[in-house]
Amino acid sequence: MADIIATNETILVVGGGISGMTAAIEAAECGKQVILVEKNPAVGGRVSQLYKYFPKLCHPSCGLEINLRRLKANKNLRLLTMTEVTEVSGEPGNYSVTLKTAPRYVNENCTACGACAEVVDAEFDSEHNYGLSKRKGAYLPNLMAFPQRYVLDPRIIGTPDATKAKEACKYDAIDLDMQEESHTLTVGAIVWATGWKPYDANKIQPYGYDRIANVITSVEFERMMDPHGPTGGKLLRPSDGKEAKDIAFIQCAGSRDRNYLKHCSRICCMASLKQTTYVREQYGDEGKSSVYYIDIRAIDRIDDFYQKVQADETVTFIKSKVAKIEEDKETGNPVLHGVNTEGYHRYATPHDLVVLAIGMEPSVPAGDFPIKVSVNENGFIEQDEANGAIFAAGCSADALDVNRAVQNATASALRAIQVVNQVAGTEG
Amino acid sequence: MSTVNQVMVEKYRNDFLKEVKANVEEGDWVQMCMQCGVCSGSCPFGPYWEHPPQEIFMMIRAGKRDEVLTSDSMWMCTSCYNCIARCPRELPITHIMHGLAHYADRLGLAPKNQPTRKFAIKFWNNLAKKGRVNELKLGLALYFMNGFVEGIKTALKNQKLGLNMVKTKRMNVMEMVGGHSVKDTGGLHAILKKAREIEEAKAAEFKG
Amino acid sequence: MAKKEYSFYPGCSSQKGASASNYQVSVDAMCDVLDIKLNHIPDWNCCAASIGYAGGGELPRLALSARNMALSEQANPDQDLVATCAACWLATRETKERLQNDDSLMAETNEALAAAGLKVEAKQNVRHMVEVLIEDFGYDELGKHVKNPLEGMKIAGYVGCQTNRPFGIDGESFENPKYLDKLVETLGAEPVDNYDKKVSCCGGALAFSEPEKSQALIRDIIEAAYDGGADLIVTPCPVCQMNVEVYQDQINAKYKTKFKMPVVYYSTLMSVAYGKSGKEAGLDGQIIPAKPLEKIAGK
Amino acid sequence: MADEIKIGAYICQGCGIGDRLDTAKLAQVAQRDAKANVVKEHEFLCSAEGVKMIQDDIDNEGVNRVAICACSRRAKTDAFNFENVAITRGNLREGVIWVRPDTDEARETTQDMADDYVRMAVVEAKFQKPPQGDQNTQYTPNILIVGGGVSGMTAAVEAARAGYQCSIVEKTGALGGAAANAWKRIPQHAPYADPEDTGVAELVAAVEGSDKITVHLNATLTKTSGAPGRFSADITTESGSTTTENFGAIIQASGYTEYDANKLPELGYGKSPNVVTQAELDAMAKEANGGPLKTQDGKDVNSVVFVQCAGQRSEQKGHLPYCSGHCCLTSIKQAMYFKDQNPDIDTNVIYSDLRTPGAGGEDFYRSGQRKGVTFTKGQVNEVVAGGDGLEVKFKDLILNEDAVEKADLVVLATGQVANSGVDIEAVVKIEVEDEEGGGEATEEKEVKVEIPVDSILSLDYRQGPDLPQLKYGFNDSHFICFPYETRRTGIYTTGPVRRPMDMQQAIEDATGAALKAIQAVENAAKGRAAHPRSGDLSFPSFRREGCTQCKRCTVECPFGAIDEDEERYPLFNEERCRRCGTCMGACPVRVISFENYSVDTVGQQLKIVDIPDEFEEKPRILALACENDAYPALDMAAMNRVEYSAFVRVIPVRCLGSVNLIWITDALNSGYDGVVLMGCQKGENYQCHFVKGSEMAHERMSKVDATLQSLSLEPERITTHEVAITDIERAPQLINEMAETIEKIGMSPFKF
């Protein structure tokens, strides 16, 4: 990593999700020098954990494949994984940035042959599947993972597993002595695209995510639907592994709520509408979806998707913020209590499975941002002159769907280019 | 009391929301409701509300003054605070319900024989007199609040209860004479009188 | 540990011959062991509870609690104001916060208090006894004083409403507070885990005015305790204690149930575990005798 | 040296290839059968030494065609990355050993598979040329922006800030567009509590103050021709004077027209002057300039009702089926116009779903409530002009009753209609329909050509004067991940013409569009392809003498890259080309090819495959797989060790649209027993990143039945599938199904 070349005409992009990749690739394809850092072992971010996109119901990995090809082909773009930004100082056109790279314990010799994973015994919760399944202590983060290179979980270092892995590798790709590295470099502009995390469902106490097995989150549901996900594409109840056919979707789970996130996370309505189509796809008329909502926010052109779902007689909409969920001890069914406010109808309805349309919490380190930027009380980075040449992209800027995140990231790339072009101009 | 009602009707014409904002405890919050209904679903007495809180808020906006103020729904509040704890907009719903009940009572619109209303009034009068609650008098008053015959029935029904309480020294027959009290009853009454004056004055001078 | 002193607000129900007089007895026993000195607020008055609203209205109601705070500030400055009754605590703390966040309300309140030559600043912390136990002592310290562990006893921790919402105990959730369970464990007994009625409402003051409706709620609370295999129910609130204990006969009559579930205060549990006598622990105040506790207290 | 071909074939033994396969035999095959000039084996080809070995041959042995026989073309790209040579990959790992069982009985067929992939890699290399890129581009970096509203001005200002010259062509006499008539805008900054200044004046000042921006007012485009880097645009003013300028890229920011409220008589529009649209209300507010808003007859306004979704989100004929996204926030903003003036004015927003997304949106909603704006979930049925003011009749959906509300003013939240010019696909449809004389064609015509619209871009393209529309008249991208993709290279749309949006979104959107325009210019300068084959330097060349002027290539090019010259021969515009090869697939006489992708690079591969005679019981299946979805799916199947038939030979193609029928007939003639085509999803929600490729392939294949009959072959021998990148189990299964079919119907008689 010592060979990173960066100047004050270089653009640093922080975060390798869809927004960061877009900002980096778009800028690089304009001929700019770009460094893209990602704290995970592979790029792709949240979208790589999605089964389908709304409203087209197409597969995120398809776009990811294209972006990966663009990334592989572009010589202006340098990718650093397992790397985070620890310090930033300076001003537009001349920032000094300190990067911290965690040891992967696997070097570029790795051919992704998988021999190490075969011999390692230790298993850990799979990050890719939100802990719904296990993965080995030596692993490839996912099938689309780029760099296509294995990782050793730090928790196996110093254990016999680590030595076994090393011995299993014919290509001397495993380096157990790898240490954390730190590098300081100069860049002209910074695009901040650290994305979002699902709001901690345990905090939404009335819904008992921590107490009731058959209450799950929308991101977990999404993994379940993936044919190569933890349940092989089946909707299985955590409590008893039975197929769930009567499914409740609770909107604004953590969003639009002063007790949790006060902003609207924008994507959840469309996400749940999309997920009702999964239920239909699985069971046809046998399945049943109930959406408990405050307002259905199927914004602009894609409102027609909402209209299509409304026409599906297996899907019902209840205008209600569910008050609380209790578990039916016999059946393990979550029972939803509340009032449908359209005409005041009280309900206590059992479902096989409850999906919390979980809110979007920005992953902006609001408190300890490495340099002064203006962050609003929702935790997103405000567009502000005072931020200098630090530009938020995607869900660091607002709760955005993929399409808008990419749009926003493309804009941020230009803002960064303006800065480095100015540097280039003034420096002849 | 109903003259007060006339005054308010005059003052706010048909703008009930403004009236509530001006005269009802925490009434300003009503406009912040987004009709999610979590309060209505959270109330332990929910099934007994003819109009649950969120609907009452909507009725206030819709100017349904009489329907709201004569309703006995607010009187169903057990002060469990579930609604406040869960409201996504932080509305102090319990207090708004109390405020509406009190306001309705002040205007003489509250349903006359609503049991909780009667109890609440008696409770207040009881404590306002000596500064501390006289549980026995309150209890008896309660039994007879629906008239003598009813009272005997209730009293008999609760006789065993009463005896138990006495046996376990958790009720004192001597309270009929004397009983607990603050020493400075004069001061206490002065405070309450003044507080009431201030409140009345505010309601009167507020220009919708 | 050094003696701890608090400005104490007993509340009406804790008075001699009142419905929670046994609560006070057990609290005194508990404090004796923990070396807590409760300095009673002189000439305190009723807080108007949560039912005073209809007659009182906003300012008069607040004035009542303000008067107590004013007297407390006079008599026991630089002490926390502590109440054992949920309603007393809630009303007082609510008043404190309302006054602090609303200057005009503060002014009006003091205008009213002035009528009796009083003035309030509302600066003292207003705390429930449970907060004192958990925050100022902690489970370990509370455990140290256990002489007679309550072994073999299964206890349902019924938290109820007003010690839990809207303020509650710091760090506990509204839907599933654990502190009573932890306390039960600390005292050597077994808590009923996922006791799903632990924060359900008992009807509160409406147990008087709406007995049928309230008793329906109370039935579920007791039933769930039996389902969880409880020998007795423990609670931090006088209204909860009263409602859940004293109506069991009427509920049995109405619902053909055979309830005989003792309902005790945490302070009673602690006093017994701390080796106090049944009388000191207020066990003679039980309408439904808490036999398992009596056995131990008898030792 | 470019013409003296020297092929190096490099066979890796790593990742178990050496253990599972006889690599010596592979080397022999490369040399003897495929005629590789240099052949080397290496135990770990992607290692530094392995890579160096290859680089040395390139530098010292003059190797200029490199066939890497190792892992998939998707793996180890960083290692196998050599300058100025043609590189091919023989997929021995994901393509062979990972999909075959390690058993003795499987060994022979597995080796056959590997042998063929080596042959194929070498012969593909042989027929490839390293792409040079288009050298002779005489390009201009200037950017043309159509439309002088917020979107257009933002695009210009942002591009200028990056150092690019811009010209704005605005049809009206002034800059500002729709926003110029607005009083305030929805807040764009925390705390998102109050309407803020529109910022239009500042934007106009920035445009006029920039020495990099030229503005043409009262002007339209009358002819636009050329390609990225060399567009030529005729800019004609009202007066009729025309100037011709050259541009590198074009941004279309032609904005929207407010939905015609006259179509909503039931809501009282046109019947009472006090029923106005949101745009009209904002104009009134601007007029009042901070003073109180009055009714049309000059009375004070005491109550205002906002009717959301007026003529929107409705299936009713003549209404808009979509949501315009901004209207809820706009109504809140406008209600504040009144509330900030005088809190006693009643403002009620009647909505069905209140849509205030994101952080700012929800904050603004709360702020509206705090200011006393009331919100009613309801369905407005009628607005009638009563004696004193207006009566709004609606169903209150919460109180579940019919209600009437009096109001002095009613504001209708009507939607945005895109100014997207001519719907060229409608026109094309009619052409096609006419040729076939279809019955419904006439109807089709009536529906489509309702109102004759002026063209926005006046493109001198064979495919028509404007951009293809996606849905409801918007020129949006079809792709979630690539919001700026249009089907005309170097031309990008932005603002409400792309998707209904408010000012804030338009500003973000225009900034992004400016980047794409800049990128198009830079790509054109270097002869590089734009997305999705970004950076591809190859370009289509065509043999004029062979061409029969059948026009298929010009018609079928999804990007309108091919015009016709005066002699009606196809005229390729490389800078418009996305290198998908659809033209190549379309050409019946096979005169179109790319340096590194041609009829031969694929054709020779399938021909060099060894076809055992029918008695050997070793059928051969040709699989042509889309390189973006089906091929990765097969790779991932391999990573999961999903097994499939050893009789298949998979060739990745840029797009199924590039598949030329000759490959199919060649395959059948040379004795293949089956052909499997795997492309992307087609139809309305098509997944093909070259738009129509998969569609066209299916279309063409549906017509080969005839050919099959003529060869008296069963139609089952050819199957065409839509395969998604997630079809990790299904893609192998499709191959196995073909193997089973062949077992059923028997081997092809065409083996020699």
Side-chain angles (χ1 to χ4, degrees), chain B residues 25 44-45 48 75-76 78-82 84-86 94 98-99 101-102 105-106 110 115-125 127-128 131-133 135 139 142 157 160-161 164-165 167-172 174-175 180 182-184 186-188 190-196 198-199, chain C residues 12-13 15-22 43-46 48-60 62-64 67 90 108-109 111-118 161-162 164-166 168 174 200-201 203-206 208-210 213-214 217 242 246-247 249-250 284-287:
Chain B
E25 182 171 355
F45 270 18
Y48 312 117
W75 300 97
M76 292 297 155
T78 65
S79 308
C80 75
Y81 288 81
N82 263 319
I84 287 189
R86 291 180 188 156
T94 309
H98 292 175
H102 171 67
D105 188 59
R106 228 165 87 195
T116 302
R117 175 185 159 276
K118 289 181 166 177
F119 173 49
I121 300 292
K122 291 203 168 12
F123 184 91
W124 175 262
N125 296 341
L127 76 89
R132 296 189 187 177
V133 174
E135 289 177 339
L142 200 64
K157 188 149 150 259
K160 186 146 177 281
L161 190 163
N164 284 332
M165 294 298 280
K167 270 197 259 142
T168 55
K169 308 206 174 47
R170 289 164 64 179
M171 192 186 280
N172 178 0
M174 293 314 291
E175 284 218 2
H180 298 291
V182 299
K183 296 187 201 69
D184 180 17
L188 185 92
I191 291 173
L192 293 176
K193 185 158 164 297
K194 187 68 191 165
R196 176 58 53 88
I198 297 170
E199 209 162 58
Chain C
C12 302
S13 64
Q15 301 171 99
K16 214 166 201 2
S19 58
S21 45
N22 56 329
D43 204 39
W44 57 267
N45 55 259
C46 174
S50 45
I51 195 69
Y53 62 82
E58 186 172 13
L59 196 52
L62 295 175
L64 283 173
R67 179 175 179 273
L90 177 51
E108 288 163 8
T109 311
E111 190 183 346
L113 290 184
L118 291 171
C161 299
Q162 297 194 342
N164 184 42
R165 294 178 300 264
F174 292 142
S200 305
C201 182
L206 275 66
F208 280 108
S209 52
E210 298 277 9
K213 300 186 178 79
S214 303
L217 300 178
M242 165 111 177
V246 306
Y247 294 108
D249 290 343
Q250 294 184 21
D284 57 354
Q286 296 300 125
I287 287 172

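Since this is a predicted model, take the numbers as computed values, not measurements. Reminder, nothing fancy here: chain letters follow the sequence lines and each chain counts from 1.
- With a 4.5 Å cut-off on side-chain heavy atoms, R170(B) and E135(B) do not count as touching.
- Minimum interatomic distance between F119(B) and A205(C) (heavy atoms only, all atoms of both residues): CE2-O, 3.4 Å.
- Put simply, of C80(B), A190(B), G131(B), A120(B), the one with the most heavy-atom pairs under 4.5 Å next to chain C is C80(B).
- Summarising the geometry of Y81(B) relative to P166(C), their closest heavy-atom pair is CD2-CD, 3.3 Å, with the distance given to 0.1 Å.
- Side-chain contact between D184(B) and R67(C) is present, with at least one heavy-atom pair separated by less than 4.5 Å.
- Chain C forms the most heavy-atom pairs under 4.5 Å with one residue out of K193(B), K194(B), H98(B), and that residue is H98(B).
- Options A20(C), G56(C), G203(C) differ in how many heavy-atom pairs under 4.5 Å they form with chain B, and the most are formed by G56(C).
- With chain C as the partner, the residue from L192(B), I121(B), I198(B) showing the most heavy-atom pairs under 4.5 Å is I198(B).
- Across every non-hydrogen atom of R165(C) and L90(C), the tightest pair is O-CD2, 4.2 Å.
- Both the backbone and the side chain of N82(B) come within contact range of chain C, judged by heavy atoms closer than 4.5 Å.
- In this structure, the portion of Q286(C) lying under 4.5 Å from any heavy atom of chain B is its backbone and not its side chain.
- With chain B as the partner, the residue from A114(C), C12(C), S19(C), A115(C) showing the most heavy-atom pairs under 4.5 Å is S19(C).
- R132(B) approaches C46(C) most closely through the heavy-atom pair CA-CB, 4.1 Å.
- Chain B forms the most heavy-atom pairs under 4.5 Å with one residue out of G117(C), S200(C), C201(C), G204(C), and that residue is C201(C).
- Looking at K160(B), only its side chain comes within 4.5 Å of chain C, counting heavy atoms on both sides.
- Residue contact with chain B, scored on non-hydrogen atoms closer than 4.5 Å, involves the side chain of L217(C) exclusively.
- Side chains of E210(C) and T116(B) form a contact here, defined as non-hydrogen atoms less than 4.5 Å apart.
- Only the backbone of D284(C) has a heavy atom closer than 4.5 Å to any heavy atom of chain B.
- Counting all heavy atoms, side chain and backbone alike, R196(B) lies closest to G55(C) at NH2-O, 2.8 Å.
- If you measure heavy-atom distances from L206(C) to chain B, the contacts under 4.5 Å come from the side chain alone.
- For Q162(C), the part lying under 4.5 angstrom from a heavy atom of chain B is the side chain only.
- Of the two parts of K183(B), the backbone and the side chain both hold a non-hydrogen atom closer than 4.5 Å to a non-hydrogen atom of chain C.
- Considering every non-hydrogen atom in both T109(C) and A63(C), the closest pair reads CG2-CA, 4.4 Å.
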